[in-house]
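To start, the structure under review is shown below, and the notes come after it.
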Amino acid sequence: MLYTKVKTSEVAQVSLLESFGFRVVDTNVTFEKQTGGERRPARATARVARPEDAEAVERIAATSFSFTRFHLDPQVEQAHANQIKGQWAANFFKGKRGDAMVVAELDGRVVGFNQLLHTPDAQVIDLIAVDADARRAGAAGAMMSVGESLYSGDRIRVGTQVANIPSMRLYEAMGFRVIASQYVLHAHWIAE
């Protein structure tokens, strides 16, 4: 499988890519906000991830997503999409992806994670998830606050799918604003 992202204003480029076998599977929206600001009260707490959190983080990543480009692509089995996300998060603990990770705890158990990348112009939320049974406990906000304290820059950036209305509402409520949008295209070929 190959993938590419194209600005939503570049419709002609999408048509060209479609002629080569690519298909739109997702529209990604990028949000950004300035660091700082008010922190909401939360039942969940957050802290920097430790090696012993790896198993819980991988489980959360493998069970918490439904709107990713992999989950939305009809040619990717849901079990495989879940496995991709689990491995994506696990790669942090293997030193292969991410500059920092924060986990959320509720009632003494890890219920969420926020995997971060630090770029010269912004802290990027690379992957964030909260267990379904722990949502609405302030875990995402708590993790973002702790994550923000690990970065010396002044901007935080995150992307999500247009289909992921709950995430878009969360980011807007936390002060993020849309700064860009892209079509995400996949092409699948069978190796002979």
Side-chain angles (χ1 to χ4, degrees), residues 28-70 84-161 164-182:
N28 186 273
V29 181
T30 303
F31 290 82
E32 188 174 273
K33 79 173 198 103
Q34 295 293 312
T35 56
E38 243 178 82
R39 182 171 176 202
R40 298 175 178 187
R43 287 188 0 235
T45 59
R47 62 171 170 76
V48 173
R50 299 185 292 248
E52 59 267 23
D53 299 324
E55 187 177 314
V57 167
E58 186 171 354
R59 178 194 53 76
I60 293 165
T63 59
S64 297
F65 293 98
S66 54
F67 297 110
T68 74
R69 64 187 173 96
F70 304 108
I84 289 168
K85 287 303 184 178
Q87 290 174 356
W88 189 316
N91 279 335
F92 171 78
F93 295 97
K94 297 173 185 172
K96 295 181 178 180
R97 177 132 188 140
D99 296 310
M101 181 179 286
V102 175
V103 296
E105 290 182 316
L106 185 63
D107 300 325
R109 69 181 178 99
V110 173
V111 296
F113 71 93
N114 181 5
Q115 187 166 328
L116 300 162
L117 303 173
H118 296 153
T119 69
D121 65 328
Q123 180 182 69
V124 178
I125 297 173
D126 185 42
L127 196 62
I128 187 169
V130 176
D131 268 336
D133 66 347
R135 293 181 185 151
R136 299 199 152 308
M143 290 187 299
M144 286 186 208
S145 291
V146 171
E148 200 176 302
S149 72
L150 304 174
Y151 182 67
S152 60
D154 64 351
R155 286 185 285 174
I156 303 170
R157 192 172 298 137
V158 65
T160 194
Q161 298 70 30
N164 195 344
I165 303 297
S167 286
M168 291 196 307
R169 286 185 177 149
L170 170 72
Y171 297 135
E172 288 174 341
M174 295 186 78
F176 286 84
R177 296 296 174 247
V178 173
I179 62 163
S181 59
Q182 300 172 311

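The structure presented is a predicted model; accordingly, all values stated were derived computationally and were not measured. Residues take their numbers from the sequence shown, with the count starting at 1.
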Work out which heavy atom in [X] is nearest to a heavy atom in [Y]; give both atom names and the distance.
{"X": "Phe176", "Y": "Ile125", "answer": "CZ-CD1, 4.4 Å"}
{"X": "Gln34", "Y": "Asp154", "answer": "OE1-O, 3.1 Å"}
{"X": "Leu117", "Y": "Gly98", "answer": "CD2-CA, 3.6 Å"}
{"X": "Asp53", "Y": "Phe93", "answer": "C-CZ, 4.0 Å"}
{"X": "Ser64", "Y": "Ile60", "answer": "OG-O, 2.8 Å"}
{"X": "Val57", "Y": "Ala89", "answer": "CG1-CB, 3.7 Å"}

Nearest-0.5 Å distance, [atom1] of residue [X] to [atom2] of residue [Y]:
{"X": "Asn91", "Y": "Met101", "atom1": "CG", "atom2": "CE", "result": "9.5 Å"}
{"X": "Phe70", "Y": "Ile84", "atom1": "CZ", "atom2": "CD1", "result": "4.5 Å"}
{"X": "Arg157", "Y": "Lys33", "atom1": "CZ", "atom2": "NZ", "result": "13.5 Å"}
{"X": "Arg97", "Y": "Asp126", "atom1": "CZ", "atom2": "CG", "result": "4.0 Å"}
{"X": "Glu105", "Y": "Met143", "atom1": "CD", "atom2": "CE", "result": "11.5 Å"}
{"X": "Asn28", "Y": "Asn164", "atom1": "CG", "atom2": "CG", "result": "10.5 Å"}

Assess whether atom CZ of Arg109 is packed by more than 12 heavy atoms of other residues, nucleotides or ligands within 6.0 Å. yes
Glu55 CD: over 12 foreign heavy atoms closer than 6.0 Å: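 Counting other residues, nucleotides and ligands, CD of Glu55 stays at 12 neighbours or fewer.
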Could you name each residue pair satisfying ring-ring contact (aromatic ring centres under 6.0 Å, His included) that touches [range], not counting sequence neighbours?
{"range": "residues 125-145", "value": "none"}
{"range": "residues 128-149", "value": "none"}
{"range": "residues 109-158", "value": "His118-Tyr151"}

When you look at Val102 and Glu148, which way does the side chain to side chain contact (heavy atoms under 4.5 Å, CB included) test go after all the steps? CA-CA 10 Å; Val102 175; Glu148 200 176 302; over 6 Å; no
Please enumerate all residues that pass side-chain hydrogen bond (donor to acceptor under 3.5 Å, both in side chains) together with Arg59, with sequence neighbours excluded.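 For Arg59 the side-chain hydrogen bond (donor to acceptor under 3.5 Å, both in side chains) partners, ignoring immediate neighbours, are Asp131.
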List the residues meeting side-chain hydrogen bond (donor to acceptor under 3.5 Å, both in side chains) with Asp107, not counting sequence neighbours, and say none if there are none.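 If we apply the side-chain hydrogen bond (donor to acceptor under 3.5 Å, both in side chains) test to Asp107, skipping adjacent residues, there are no hits.
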Classify the ring geometry between Phe31 and Tyr171 as parallel (under 30°), tilted (30 to 60°) or perpendicular (over 60°). tilted
Can you tell me if [X] uses its side chain to pair, donor with acceptor, with the backbone of [Y] under 3.5 Å?
{"X": "Gln115", "Y": "Phe92", "answer": "no"}
{"X": "Arg43", "Y": "Leu106", "answer": "no"}
{"X": "Arg155", "Y": "Gln123", "answer": "no"}

Residue set satisfying salt bridge (Lys or Arg N to Asp or Glu O under 4.0 Å) with Arg69, at least two apart, ordered chain then number -> none
